[in-house]
2 protein chains.
Amino acid sequence: MAQYSETWMKLLAADGCRQTPARRVIVDILLESPRALEPMEVFSAGRERLANLGLVTVYRTLEKLEELGLVQRVHHHGGCNLYLRATNAHEHLLICSHCGKAEYFSGDNLSALMADITRTTGFAITEHWLQLFGTCPACTRSGEVIHA
Amino acid sequence: MAQYSETWMKLLAADGCRQTPARRVIVDILLESPRALEPMEVFSAGRERLANLGLVTVYRTLEKLEELGLVQRVHHHGGCNLYLRATNAHEHLLICSHCGKAEYFSGDNLSALMADITRTTGFAITEHWLQLFGTCPACTRSGEVIHA
DNA sequence: GTATTATTGAAAAGAGTTTTCATTATCAAT
DNA sequence: ATTGATAATGAAAACTCTTTTCAATAATAC
């Protein structure tokens, strides 16, 4: 994902944002992470690279990146304050309940279901959320997962 | 939904809970609502029926009802602090983006998709969330929905 | 009725997020 | 390169939502 770092910075610039060290650090962390992160996690990781990074800047940058569609919030059992790089395609999330690893997949075809629901309920469906939870290959192998 | 009020109270009693006015009010409000509610909304509505109801009691009752599987938290764009009566069957949610009206539906068959994803990703899938958003018939008719 | 103990509401504490504000740093125009 | 306009920053304060604490009260079993 690291190769997208510069792309994101340019997209930010195109939106009128300045390219600052703080933003670079935050962008890099998000692009490097295999799982969705809380603002505080981004902050902690960021502090290791930029000594006096502010938590407020993390919040502001996440907000801007979400606005630009580069990251998305991830909902899960514990809340909905996790941020993950978004993909452009029409894809859905698959999340490991053990390590949090997030993977995108596509290939769902829910159009038949949609049509069926429109017919029976009268709702005009505009959006759908599909999210899967499970155990990733690495966690399955490690055997640490007892609640699989 | 009002006919379930007594059922819920009995289920609470079976769990060792006492039947108090505060709980009755909260249970009734949840069962009467066509949409998922925030704790504060339950509290406001509850105060109209029980003058000195405490917000804390609302939180505690919602927690207990969720524990018993009678209500569930609903995730949406703005957060995940909405509570809605749950259904027993394996159903999914359909929510009106305009008025919030929630409806359950069943009939999805995602097993083929699951099998496909298990094969390609190696994830052992344990759970899936499917939630649809759209405009309900009433809101469509009222014509108030411009962003349909 | 009485004793036991779950439940209550108010207040305080806590966690997470947003706002305010003076200072600093980026970028565009020289 | 220098300068000026202003976006961005970090610290502190404010704010919202939720949980904990605690003494008083009320529901249930006997």
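Lettering of chains follows the sequences in order, A, B, ..., and the numbering in each one begins at 1. Values in this document were obtained by computation on a predicted structure and should not be read as measured data.
- Rounded to a whole Å, the CG atom of B/L65 is 12 Å from the P atom of C/dT7.
- The distance from atom CZ of B/R24 to atom P of C/dT8 is 12 Å, rounded to the nearest whole Å.
- With rounding to whole Å, B/L55 atom CG is found 13 Å from C/dT8 atom P.
- With no hydrogens or angles considered, a side-chain donor-acceptor pair links B/H77 and A/E127 at under 3.5 Å.
- Checked by atom type and distance alone, the side chain of A/R23 pairs as donor or acceptor with a backbone atom of A/R18 at under 3.5 Å.
- From one end of the helix from C/dG1-D/dC30 to C/dT30-D/dA1 to the other, with five pairs defining each end axis, the axis direction shifts by 40° (rounded to 10°).
- In this structure, A/E38 places its CD atom 7 Å from P of C/dG16, rounding to the nearest Å.
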*Sugar-phosphate or base contact per nucleotide [nucleotides 20-30 of chain D; S, B, -; heavy atom under 4.0 Å]*: BB----BBS--
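- The distance between atom CG of B/L82 and atom P of D/dC17, rounded to the nearest whole Å, is 12 Å.
- Between C/dT18 and A/Y59, no contact under 4.0 Å exists linking OP1 or OP2 to a side-chain N or O.
- Atom pair B/L50:CG and C/dT8:P shows a separation of 10 Å (rounding to whole Å applied).
- Side-chain atoms of B/E41 come within 3.5 Å of backbone atoms of B/E38 as a donor-acceptor pair (strictly under, hydrogens ignored).
- Whole-Å rounding puts the B/N52 CG to C/dA11 P distance at 12 Å.
- For the pair A/R73 (side chain) and A/Y83 (backbone), a donor-acceptor distance under 3.5 Å is absent.
- Classification of the A/H128-A/H90 ring pair by plane angle, with boundaries at 30° and 60°, yields perpendicular.
- B/H75 and A/Q131 share no donor-acceptor pair across their side chains, judged by distance under 3.5 Å alone.
- The 12-atom threshold is not exceeded at OH of B/Y4, counting heavy atoms of other residues, nucleotides or ligands nearer than 6.0 Å.
- Side-chain contact between B/P39 and B/L62 is present, with at least one heavy-atom pair separated by less than 4.5 Å.
- Ion pair A/K101/A/E103 flagged as a salt bridge, since at least one NZ, NE, NH1 or NH2 atom sits closer than 4.0 Å to an Asp/Glu carboxylate oxygen.
- Between B/E66 atom CD and D/dT19 atom P the separation is 10 Å, expressed in whole Å.
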